[in-house]
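Numbered from 1 within each chain, the chains take letters A, B, ... in sequence-line order.
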Amino acid sequence: MKIVSWNVNSLRVRVEHVSDWLKTNQPDLLCLQELKMPDSEFPSEVFTELGYHSAFTGQKTYNGVAILSKQPLENVVTDLPDFEDPMRRYIAGDYSLENGETLRIVNVYVPNGQALDSDKFIYKRAWFEKLRLAMRATLSENKNTVLVGDFNITPSDLDVHAPEKWAGKIHCSDIERLMLQKLMSEGLYDTYRHFNKEGDQFSWWDYRGAGYRANEGLRIDLVLSSSAMLDKATDSSIDETPRKLERPSDHTPAIAEYLV
DNA sequence: ATGCCCGAGAACCTCGGA
């Protein structure tokens with residue numbers, strides 16, 4: 001089975017890219033971030049025609065997350081537990097595996113944070129700590145758990161095109177990496193890094209300048225597997241194909257594959 | 001230089017993104 005995370009930076013603009021990618025790749029679960037649309041505009045019919053169910057929580061202009069799935073999700077939750085927040089950044093549900101077990105899939109759009117000395121960074125830290133506590137509970141109740149999303153944190157310098165340029169900056173600071181490590185120490189593993197040890201592999205490239213052509217990117221879109229799911233993982237990759245299209249998202253799909 | 005590009009909303013500029 002294939003689980004994918006993709007920040008589409010406006011689903012309205014990218015719906016054709018997403019549809020084409022679904023047709024070609026047939027993931028079991030496609031987790032989207034930055035829908036940038038209210039629920040009333042979510043294009044469910046488009047995905048229904050392709051054989052996918054949709055669970056989503058959106059808002060005008062900003063944020064918004066969705067999970068497209070071959071089988072319907074159950075017990076869907078659209079609020080980060082114990083955190084009052086109008087920003088739509090969290091969605092989770094149960095997915096039935098072919099082996100009869102259940103997987104808890106969690107899809108997040110972690111706050112950007114803007115700069116370490118900004119109010120937005122205080123919000124990022126608070127949000128992320130609540131995510132850690134929520135994942136502790138999720139992991140205790142579901143041995144099969146996968147947490148995916150746009151984390152807006154690079155796990156290490158191996159995930160940064162120019163570590164010296166980004167040193168200490170937002171997405172690459174020690175404090176954010178410690179936050180991520182603390183979350184992962186609850187029992188989550190970077191599936192991509194488990195299978196790929198080399199650097200210069202990114203999931204986001206700046207629109208500005210020749211960002212993509214020069215491979216000036218960051219790996220901030222992650223698929224984190226629980227121990228039981230890592231045991232089932234067979235591969236993990238990043239598909240740069242959509243980033244080469246006309247009018248692309250600045251992010252591209254991060255993929256993990258499992259044998260269940 | 002906190003810019004270069006992009007999307008959304010309201011409006012031909014500002015905000016947010018990363």
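Residue A:F121 contributes atom CZ, which lies 15 Å from atom P of B:dA18 at whole-angstrom precision. Across the protein-nucleic acid pair, A:H17 atom NE2 and B:dG7 atom P stand 10 Å apart, rounded to whole Å. B:dG7 atom P lies 18 Å from atom CD of A:Q59, rounded to whole Å. In this structure, CG of A:L222 is placed 14 Å from C1' of B:dA18, rounded to the nearest angstrom. Taking atom CZ of A:R89 as the reference point, atom C1' of B:dA18 lies 13 Å away to the nearest angstrom. In this structure, CG of A:L32 is placed 16 Å from P of B:dG7, rounded to the nearest angstrom. Nucleotide B:dC4 holds its P atom 15 Å from the CG atom of A:D250, rounded to whole Å. Taking atom CD of A:Q114 as the reference point, atom P of B:dT2 lies 13 Å away to the nearest angstrom.
Distance noted for atom P between B:dC13 and B:dC4: 14 Å (whole Å). To the nearest whole angstrom, the two C1' atoms, one in B:dA10 and one in B:dG16, are 15 Å apart. When the P atom is compared between B:dC12 and B:dA1, the two are found 31 Å apart, to the nearest whole Å.
Residues forming a side-chain contact (heavy atoms from CB on, under 4.5 Å) with A:I122 (at least two apart in sequence, or on another chain): A:D119. For A:F47, the ring pair (Phe, Tyr, Trp, His ring centres under 6.0 Å) criterion is met by A:F42, not counting sequence neighbours. Checked against salt bridge (charged side-chain N to carboxylate O under 4.0 Å, His left out), A:R177 has the following partners two or more places apart in sequence or in another chain: A:D157. Taking A:D221 as the reference, A:S203, A:H251 meet the side chain to side chain donor-acceptor pair (under 3.5 Å) condition, with sequence neighbours excluded. Taking the side chain to side chain donor-acceptor pair (under 3.5 Å) definition, one finds that A:Y192 meets it with A:Q201, sequence neighbours left out. When the side-chain contact (heavy atoms from CB on, under 4.5 Å) test is applied to A:Q59, the partners found at least two apart in sequence or on another chain are A:Y62, A:N63, A:M87, A:R88. With sequence neighbours excluded, the residues forming a side chain to side chain donor-acceptor pair (under 3.5 Å) with A:Y123 are A:D85, A:R89, listed by chain and number. Applying the side chain to side chain donor-acceptor pair (under 3.5 Å) criterion to A:S10, with sequence neighbours excluded, gives no partner residue.
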**Study point:** salt bridge (charged side-chain N to carboxylate O under 4.0 Å, His left out) assessment of A:K124 paired with A:E176
**Key:** CA-CA 9 Å; A:K124 184 177 195 172; A:E176 291 167 280; 2.6 Å; yes
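Side-chain N or O atoms of A:Y109 include none that pairs as donor or acceptor with a backbone N or O of A:L32 at under 3.5 Å.
Residues from residues 202-221 of chain A that place a heavy atom under 4.0 Å from any atom of DNA chain B, listed by number: A:W204, A:Y207, A:R208, A:G209, A:L218, A:I220. Shown for residues 160-180 of chain A: residues whose heavy atoms fall under 4.0 angstrom of DNA chain B, namely A:H171.
In this model, the phosphate group of B:dC5 is not approached by any side-chain N or O of A:R247 to a distance below 4.0 Å at OP1 or OP2. Neither OP1 nor OP2 of B:dG16 sits under 4.0 Å from any side-chain N or O of A:N112.
Positionally, the nearest nucleotide of DNA chain B for A:N9 lies more toward the 5' end than for the other of A:P111 and A:N9.
Counting any heavy atom pair closer than 4.0 Å across all strands shown, A:N7 reaches sugar-phosphate atoms only and no base atom. At the heavy-atom level, A:F151 lies nowhere under 4.0 Å from the strands shown.
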Practice item. Sugar-phosphate atoms are those with a prime plus P, OP1 and OP2; base atoms are the rest. Using that split, label each nucleotide of nucleotides 9-15 of chain B B, S or - for protein heavy atoms under 4.0 Å, 5' to 3'. Key: S------
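Hydrophobic clustering, defined by side-chain heavy atoms of Ile, Leu, Val, Met, Phe, Trp and Tyr closer than 4.5 Å, groups A:W205 together with A:F202, A:Y212.
When every heavy atom of A:S5 is checked against every heavy atom of A:L222, the shortest pair comes out as CB-O, 4.3 Å.
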